[in-house]
Undergrad: 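Got a structure for you, questions after.
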Amino acid sequence: MTPKGTYARIYAVVRRIPRGRVATYGGVARLAGLAGHARQVGYALSNLPTGSTVPWHRVINAQGRLSLERVASSSGTTQRIRLVAEGVTVDAGGRVSLTRFGWPAARKR
DNA sequence: CCACTGACGAGTG
DNA sequence: GCACTCGCCAGTG
């Protein structure tokens with residue numbers, strides 16, 4: 001696989017996400033020094049090895065929605081459950097208030 | 001090298 | 001808030 005560089009940075013940032021908070025793909029990419037590579041973040045997580053301790057469930061898209069719900073994956077439910085268990089309010093439509101749980105602190109553009 | 005794909009983002013109506 | 005379009009780039013065949 002190509003040099004771990006890209007994935008390693010992404011995983012490192014995801015591990016830094018505080019419990020009870022959620023980060024966006026774009027935010028993670030930016031913190032990892034991969035601004036604009038939001039897609040790669042998702043790609044990296046899809047390649048996430050089994051048994052990894054990376055809290056991938058804390059990573060959602062900029063629209064405040066659970067990504068896996070978009071692809072109708074069985075794991076989508078898991079993500080939602082884990083977030084709620086950490087104290088994150090998840091809407092019935094799988095939406096989260098980035099204004100309150102976003103990390104880093106969400107701000108106006 | 002070329003074409004297609006994808007856990008995305010931002011803008012527009 | 002939702003649907004559509006365009007742009008971004010790495011990975012894979």
Side-chain angles (χ1 to χ4, degrees):
Chain A
M1 55 190 344
T2 196
K4 45 199 183 146
T6 315
Y7 293 154
R9 289 182 202 209
I10 294 171
Y11 299 148
V13 174
V14 176
R15 283 196 191 91
R16 278 197 256 151
I17 302 174
R19 185 176 168 288
R21 295 270 190 106
V22 292
T24 64
Y25 288 91
V28 173
R30 196 177 279 278
L31 290 173
L34 300 169
H37 299 71
R39 253 173 163 151
Q40 261 40 52
V41 176
Y43 209 77
L45 292 180
S46 70
N47 270 284
L48 198 60
T50 310
S52 58
T53 58
V54 179
W56 56 269
H57 57 269
R58 289 178 192 151
V59 184
I60 62 178
N61 58 27
Q63 293 165 41
R65 295 165 108 185
L66 307 190
S67 348
L68 288 177
E69 280 216 352
R70 197 165 176 252
V71 297
S73 239
S74 51
S75 301
T77 309
T78 304
Q79 179 173 26
R80 175 173 174 155
I81 293 174
R82 284 183 120 176
L83 287 174
V84 175
E86 293 186 353
V88 178
T89 304
V90 181
D91 186 84
R95 295 224 320 241
V96 180
S97 299
L98 283 174
T99 312
R100 295 202 287 192
F101 302 107
W103 181 85
R107 54 188 158 333
K108 320 185 303 183
R109 273 192 287 125

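Chain naming here is simple, since letters A, B, ... match the order of the sequence lines and numbering starts at 1 in each. Please read all numbers here as calculations on a predicted model, not as lab measurements.
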Undergrad: Going by atom types only, do A/Y25 and A/S67 share a side-chain donor-acceptor pair under 3.5 Å?
TA: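 A pair is found: one side chain offers a donor N or O, the other an acceptor, under 3.5 Å apart.
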
Undergrad: Whole Å only: how far is the CZ atom of A/R80 from the C1' atom of B/dA7?
TA: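 Distance check: A/R80 CZ to B/dA7 C1' gives 17 Å.
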
Undergrad: Check the distance between C/dA10's P and A/R9's CZ and give it to me in whole angstrom.
TA: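 So the CZ-P distance, A/R9 to C/dA10, works out to 12 Å.
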
Undergrad: In whole angstrom, what separates A/I10's CD1 from B/dC8's P?
TA: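 Those two atoms, CD1 and P, are 13 Å apart.
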
Undergrad: Would you say C/dC2 has OP1 or OP2 under 4.0 Å from some side-chain N or O of A/R95?
TA: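 Answer is yes, contact under 4.0 Å.
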
Undergrad: Side-chain heavy atoms under 4.5 angstrom apart, residues restricted to Ile, Leu, Val, Met, Phe, Trp, Tyr: same cluster for A/W56 and A/V41?
TA: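 Same cluster.
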
Undergrad: OP1 or OP2 of C/dC2 versus the side-chain N and O atoms of A/R65: is any pair under 4.0 Å?
TA: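 Yes, because at least one side-chain N or O of A/R65 sits under 4.0 Å from OP1 or OP2 of C/dC2.
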
Undergrad: Which residue is it: A/V84, A/T89, A/V90? I am looking for the one with a side-chain contact (heavy atoms from CB on, under 4.5 Å) to A/V96.
TA: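 Only match with A/V96 under side-chain contact (heavy atoms from CB on, under 4.5 Å): A/V90.
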
Undergrad: Check the distance between C/dT12's C1' and A/Y7's OH and give it to me in whole angstrom.
TA: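 Roughly 10 Å, once rounded to whole Å.
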
Undergrad: Please state how far atom CZ in A/R70 lies from atom C1' in C/dC4, giving the value in whole angstrom units.
TA: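 Rounded to the whole Å, the gap is 12 Å.
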
Undergrad: Measure from CG on A/N61 to P on C/dC2 and round the result to the nearest Å.
TA: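 One finds 12 Å between P of C/dC2 and CG of A/N61, rounded.
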
Undergrad: Please check this pair: side chain of A/Q79 against backbone of A/V59, looking for a donor-acceptor N/O pair closer than 3.5 Å.
TA: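 Judged by distance alone, yes, a pair lies under 3.5 Å.
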
Undergrad: Among residues 24-42 of chain A, which residues get a heavy atom nearer than 4.0 Å to DNA chain C?
TA: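 When residues 24-42 of chain A is checked for heavy atoms under 4.0 Å from DNA chain C, the hits, listed by number, are A/H37, A/R39, A/Q40.
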
Undergrad: Please report the distance, rounded to the nearest Å, between CD in A/Q79 and C1' in B/dA7.
TA: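 Rounded to whole Å, this separation is 8 Å.
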
